[in-house]
Each structure stands twice: as C-alpha cells, then as structure tokens.
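Reviewing the structure listed below.
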Amino acid sequence: MIDMSDHVTFQQRPTWDEYFMLLTKLAAMRSTCLAFPVGAVIVKDKQVLATGYNGSPSGSVHCTTQGYCYPNMHNCTVNKDFPSRAVHAEANAIAQAAKHGISTEGASIYVTLEPCISCLKLVVSAGIREVFYETTFNKGNNAALCQSFVDEGLVMLKQIQVSPVIIQRANLFLSSPTSELSLFPSS
C-alpha cells in the first residue's frame, strides 16, 4: 500500500475546472506537434463531449514520426515563412464532435493554451460560450480582438490553474496503480 501520510491532501477532490483541465493535459500528451503540445476538452453539463489535441491532419505523417515539420526545420516556429502543419486542438475537438453528430451549442471548452484568433472564431461559431485556458497566448491586436468578442457577449474567457495540491494528487494517481491507493491510510 502507498503511504498516505498527508491524508487531507489525498482526500481533496479537484474542482470541476481542475478536473477538466487535467483531462486537457492528458489529451495534450497525444499531440504530434513538435512546437506546442496542446489539448482541448469540450464539456456540457459536466459531461465530456469531445477531446482534441494538435497535430498534422488525419492521414498526414506526424511531425513527431518524421522528426521535423518540414525538411531541415525541426518545428514550425523557427521560420515564419512556413505555415504550421498542425490542426489546432480546439479545431480537432470541434471536428470530432461534428464527426460524431454531437452538438456543441452552449458547451464550454477547456484548453491548455488560450485559443488563437482563428480557433476562437471557430469556437464562437460552434456555439461554445465559455473558454477556460491555462496559458495565455494572444497579445496586442489579437488580445484586443479576443476582448471584443467578450465585450459583445459572444464568449467568456477565463484563465485557470490547477492547484499544486491537485497536481500532486494527480501525480500520485498517475504513478501508482489505483488498487494500491486508499482513502483511509493505515496508521
């Protein structure tokens, strides 16, 4: 059995926001992008509708498989003349919902990286009204455009963080078989 000396920490449950953000982090692990692994989870009524991660389009060779984005270019961020090969995580999650006939109207999306302008427009057009993100991405005019969508009442944007206690607990769950975990540690 695992030693549960900090019983209070072990018992603390993640909030719904933390729970869904942890799922986005797991989705990001599937990313095939060499520059920014990003995950997304679309949620409605506390139920996961679809997940997505960024990477090359379905059927195209993955950057992680070939070891580069373009020949002689280890990732797309090193040269602004070449477009990213990746379909963004938000777009992939919305595409997965559409592929399976799942409505995203009135849903929320959790992402590890604030949506770019193109993805935010897609999110709004898909009827998703709340965006929860971990890391800021947009700056300058892009941030101003994002704010204009908020000001128009099209979408709500909120940066959230998973607490260190919950990260510690998640690490415990990920590194140990759940059959060895106990809510009631032995004394």
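Computed from heavy atoms alone, side chains included, the values below leave out hydrogens, waters and symmetry copies.
Taken together through direct or relayed side-chain contacts under 4.5 Å among Ile, Leu, Val, Met, Phe, Trp and Tyr, Ile109 and Met21 form parts of separate hydrophobic clusters. Ile42 and Val48 are members of different hydrophobic clusters when ILVMFWY side chains are connected at heavy-atom separations under 4.5 Å. No continuous path of hydrophobic side-chain contacts links Ile117 to Phe137 [ILVMFWY only; heavy atoms under 4.5 Å]. Follow the hydrophobic side-chain contacts under 4.5 Å out from Ile94 and you reach Ile102 in the same cluster. In the hydrophobic clustering of this structure, Ile167 does not group with Tyr133; members are Ile, Leu, Val, Met, Phe, Trp, Tyr whose side-chain heavy atoms approach within less than 4.5 Å, directly or through other members.
For CG of Asp45, the number of neighbouring non-hydrogen atoms (other residues, nucleotides, ligands) closer than 6.0 Å is 12 at most. Within a 6.0 Å sphere centred on CZ of Arg129, heavy atoms belonging to other residues, nucleotides or ligands number more than 12. For Phe149, the CZ atom counts as densely surrounded, since its 6.0 Å shell holds more than 12 non-hydrogen atoms of other residues, nucleotides or ligands.
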Practice task
Kindly determine whether His88 and Val38 satisfy side chain to side chain contact (heavy atoms under 4.5 Å, CB included), including the steps that lead there.
Solution key: CA-CA 8 Å; His88 291 185; Val38 179; over 6 Å; no
Practice task
Run the numbers on Glu114 and Thr135 for side-chain hydrogen bond (donor to acceptor under 3.5 Å, both in side chains), then give the verdict.
Solution key: CA-CA 6 Å; Glu114 179 185 18; Thr135 304; over 6 Å; no
Handout entry: Verdict with reasoning, Asp151 to Gln147, per side-chain hydrogen bond (donor to acceptor under 3.5 Å, both in side chains)
Key = CA-CA 6 Å; Asp151 294 344; Gln147 187 58 47; 2.8 Å; yes
Problem - Derivation and outcome, side chain to side chain contact (heavy atoms under 4.5 Å, CB included), residues Val162 and Leu22 - result: CA-CA 8 Å; Val162 179; Leu22 288 170; 4.1 Å; yes
Practice task
In sequence, state the C-alpha distance, the side-chain angles, and the governing distance for Ile166 and Gln12, and then conclude on side chain to side chain contact (heavy atoms under 4.5 Å, CB included).
Solution key: CA-CA 7 Å; Ile166 295 302; Gln12 185 173 352; 4.0 Å; yes
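Relative orientation of the Phe132 and Tyr110 rings is parallel, given thresholds of 30° and 60° on the angle between their planes. Using a 30° and 60° split on the angle between ring planes, Trp16 and Phe20 fall in the parallel class, below 30°.
Residues Leu157 and Cys146 meet the side-chain proximity criterion, which asks for heavy atoms closer than 4.5 Å. Inter-residue side-chain proximity for Thr136 and Leu113 is flagged as unmet; no heavy-atom pair is nearer than 4.5 Å. Side-chain contact between Arg169 and Pro14: present, with at least one pair of heavy atoms (C-beta onward) separated by less than 4.5 Å. Gln96 has its side chain out of reach of Thr51: every pair of non-hydrogen atoms, C-beta onward, lies at least 4.5 Å apart. Two residues are said to be in side-chain contact when any heavy atoms from C-beta on lie closer than 4.5 Å; Val131 and Val123 meet this criterion.
Between the side chain of Thr24 and the backbone N or O of Val41 there is no donor-acceptor pair closer than 3.5 Å. Between the side chain of Asn138 and the main chain of Pro115, a donor-acceptor pair closer than 3.5 Å is present. Thr104 contributes no side-chain N or O that, together with a main-chain N or O of Ala107, makes up a donor-acceptor pair within less than 3.5 Å. Under the 3.5 Å distance criterion, the side-chain polar atoms of Asn54 are matched with a main-chain donor or acceptor of Phe36. A distance-only check finds no donor-acceptor pair linking the side chain of Glu90 to the backbone of Val111 [under 3.5 Å]. At distances below 3.5 Å, at least one donor-acceptor pair connects side-chain atoms of Lys44 with backbone N or O atoms of Glu105.
Of all heavy-atom pairs between Ser31 and Pro37, the closest is OG-CA, 3.4 Å. Closest of all the heavy-atom pairs between Gly52 and Ala27 is O-CB, 3.8 Å. The minimum heavy-atom distance linking Ala93 with Ala50 is given by the pair O-CB, 3.4 Å.
Applying the side chain to side chain contact (heavy atoms under 4.5 Å, CB included) criterion to Ala91, with sequence neighbours excluded, gives Val87, Leu122. Partners of Lys25 under the salt bridge (charged side-chain N to carboxylate O under 4.0 Å, His left out) rule, at least two apart in sequence or in another chain, are Glu134.
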